[in-house]
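Contents: one structure, followed by commentary.
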Amino acid sequence: RAQRPSSAAAGNPVLALLFLWVLGWGHVTAEIDIANMTALHKHVSFFDRNKDGIITPSETIEGIVAIGCDYAFARDFAAPVHAGLGPKTSPKDAPLPHLSIYIKNIYKGMHGSDTGALDAKGRFVPAKFEEIFSKHAKNRPDALTSLEVKEMILANRDPDDPQSWAAPIQEWGLIYGLASDKNGYFHKDSVRGIYDGSVFVKLEEERASSQSTVCRSLSFRSTV
């Protein structure tokens, strides 16, 4: 089974300084139409801790800690996420340096080399989700092993877009490490929960009941 993510993740010093500078930075209001939220909106809304439609770096840190990681790991994980998604999702009237993530525009930050289970607008595509298991679940039809997750990531890589290769490794590695069972199986309901964020809610509830920090190492990322 893959080990848990590590709090010793090496961060870019420039990003880290910029990130710390904007932790308390203000922003404009960005309300979300709850009735018409896509799966991707729901996925990222877990990290919108005050539910104002905007995710600040400090909220992402809080969310990562809530699902079972320590603060140092959460800080290093959040910095590149906001550096990448903030400028893409921020409206023109948002305060510089555009490191907060605006949920209504999150589809603008979608990356390639993914499973296709979300369309270009972030809507869930059931047929593509089922393909994950029909193509890659060899040991059990309703769960993925660490090796099968790695094979899936490699199979979905776009050879013409190498810049998109890192994000799936980071995302799947983290959630596999947190949500797979003691035998290393990543169950279908947990995988489904990635797309609408419900797996994050489940992980937060489990951590609250156990009061433990489970992120230990991110070897999954480096071995894919």
Side-chain angles (χ1 to χ4, degrees), residues 1-7 9 32 34-35 37-53 55-56 58-71 73-75 77-78 81 85 101 103 106 110 114-115 117-118 122-126 128-133 136-137 139-146 148-150 152-153 167-221:
R1 181 180 178 179
Q3 293 180 317
R4 306 296 189 178
S6 176
S7 61
I32 294 293
I34 296 176
M37 291 177 72
T38 65
L40 184 58
H41 286 142
K42 295 175 182 177
H43 169 91
V44 298
S45 287
F46 173 82
F47 299 95
D48 180 15
R49 308 300 281 183
N50 65 1
K51 304 305 176 188
D52 66 350
I55 307 170
T56 64
S58 60
E59 285 181 303
T60 296
I61 290 176
E62 182 182 342
I64 295 294
V65 170
I67 63 176
C69 300
D70 64 36
Y71 181 89
F73 172 82
R75 178 199 59 210
F77 189 95
V81 169
L85 294 180
I101 297 169
I103 294 174
I106 190 61
M110 293 184 70
D114 59 11
T115 64
L118 297 178
R123 295 169 296 205
F124 184 66
V125 183
K128 286 293 185 179
F129 174 72
E130 294 298 332
E131 279 186 12
I132 294 173
F133 293 87
H136 304 290
N139 288 270
R140 289 180 49 165
D142 62 343
L144 298 170
T145 64
S146 173
E148 289 165 351
V149 172
K150 295 175 185 180
M152 176 196 68
I153 292 171
I169 298 172
Q170 183 183 48
E171 295 161 3
W172 282 91
L174 174 64
I175 304 304
Y176 173 86
L178 291 168
S180 56
D181 69 19
K182 63 182 181 180
N183 295 314
Y185 284 107
F186 194 7
H187 293 273
K188 192 173 185 177
D189 60 341
S190 293
V191 177
R192 175 65 178 87
I194 293 175
Y195 294 100
D196 63 7
S198 60
V199 71
F200 301 136
V201 176
K202 179 181 178 182
L203 288 170
E204 181 174 20
E205 291 172 348
E206 290 176 351
R207 182 179 182 275
S209 64
S210 66
Q211 291 297 312
S212 62
T213 299
V214 296
C215 293
R216 299 192 186 94
S217 137
L218 202 56
S219 61
F220 186 100
R221 286 180 62 187

Problem set entry | Salt-bridge present (Glu204, Arg207; N to O < 4.0 Å) | no
Exercise. Taking the side chain from Gln170 and the backbone from Val81, do they hold a donor-acceptor pair closer than 3.5 Å?
Worked result: no
Problem set entry | Nearest-0.5 Å distance, CD of residue Glu148 to OH of residue Tyr185 | 7.5 Å
Exercise. Can you tell me if Tyr176 uses its side chain to pair, donor with acceptor, with the backbone of Gly184 under 3.5 Å?
Worked result: yes
Exercise. Would a distance-only check, ignoring hydrogens and angles, find a side-chain to backbone donor-acceptor pair under 3.5 Å from His136 to Val149?
Worked result: no
Exercise. With distance as the sole test, does Thr38 use its side chain to make a donor-acceptor pair with the main-chain N or O of His41 at under 3.5 Å?
Worked result: yes
Exercise. Is it true that atom NZ of Lys51 has more than 12 heavy atoms of other residues, nucleotides or ligands lying nearer than 6.0 Å?
Worked result: yes
Problem set entry | Lys188 backbone acceptor or donor facing Asp142 side chain under 3.5 Å | no
Exercise. Of the non-hydrogen atoms in Ile103 and Ser45, which two are nearest, and what is the gap between them?
Worked result: CD1-OG, 3.7 Å
Exercise. With under 30° as parallel and over 60° as perpendicular, where do the rings of Tyr195 and Phe129 fit, or are they tilted in between?
Worked result: perpendicular
Problem set entry | Within-4.5 Å side-chain heavy-atom neighbours: Val44 and Leu85 | no
Exercise. Do side-chain atoms of Asp181 reach the backbone of Asn183 as a donor and acceptor pair under 3.5 angstrom?
Worked result: yes
Exercise. Where do Cys69 and Leu174 come nearest, in terms of heavy atoms and distance?
Worked result: SG-CD1, 3.9 Å
Seminar exercise, completed: For Ile61 and Ala74, the nearest pair of non-hydrogen atoms, with its separation, is O-CB, 3.7 Å
Exercise. What pair of heavy atoms forms the shortest contact from Ile101 to Ile106, and how long is it?
Worked result: CG2-CD1, 3.8 Å
Seminar exercise, completed: CG (Leu40) and CZ (Arg123) are apart, to the nearest 0.5 Å, by 11.5 Å
Exercise. Could you state the interatomic distance from CG (Asp70) to CD1 (Ile64), rounded to the nearest 0.5 Å?
Worked result: 11.0 Å
For this session: Mind running salt bridge (Lys or Arg N to Asp or Glu O under 4.0 Å) on Lys202 and Glu205 for me, showing each step along the way?
Result: CA-CA 5 Å; Lys202 179 181 178 182; Glu205 291 172 348; over 6 Å; no
Exercise. Which atom pair, heavy atoms only, marks the closest approach of Glu59 to Phe47?
Worked result: CB-O, 3.2 Å
Exercise. Rounded to the nearest 0.5 Å, how far does CD1 of Ile194 lie from CD1 of Ile175?
Worked result: 6.0 Å
Exercise. Looking at CZ of Arg192 and OG of Ser198, how far apart are the two atoms once the value is rounded to the nearest 0.5 Å?
Worked result: 7.0 Å
Seminar exercise, completed: So CD of Glu62 and OG1 of Thr56: to nearest 0.5 Å the spacing works out to 8.5 Å
For this session: Check for a donor-acceptor pair, side chain of Asp189 on one end and backbone N or O of Gly193 on the other, with a separation under 3.5 Å.
Result: no
For this session: Decide side-chain contact (heavy atoms from CB on, under 4.5 Å) for Trp172 and Lys150; before the verdict, give the C-alpha distance in whole Å, the side-chain angles of both, and the deciding distance to 0.1 Å.
Result: CA-CA 9 Å; Trp172 282 91; Lys150 295 175 185 180; over 6 Å; no
Exercise. Between the side chain of Ser190 and the main-chain N/O of Phe186, is any donor-acceptor distance below 3.5 Å?
Worked result: no
For this session: Would you name the heavy atoms of Arg49 and Ala66 that are closest together and state the gap between them?
Result: NH2-CB, 3.7 Å
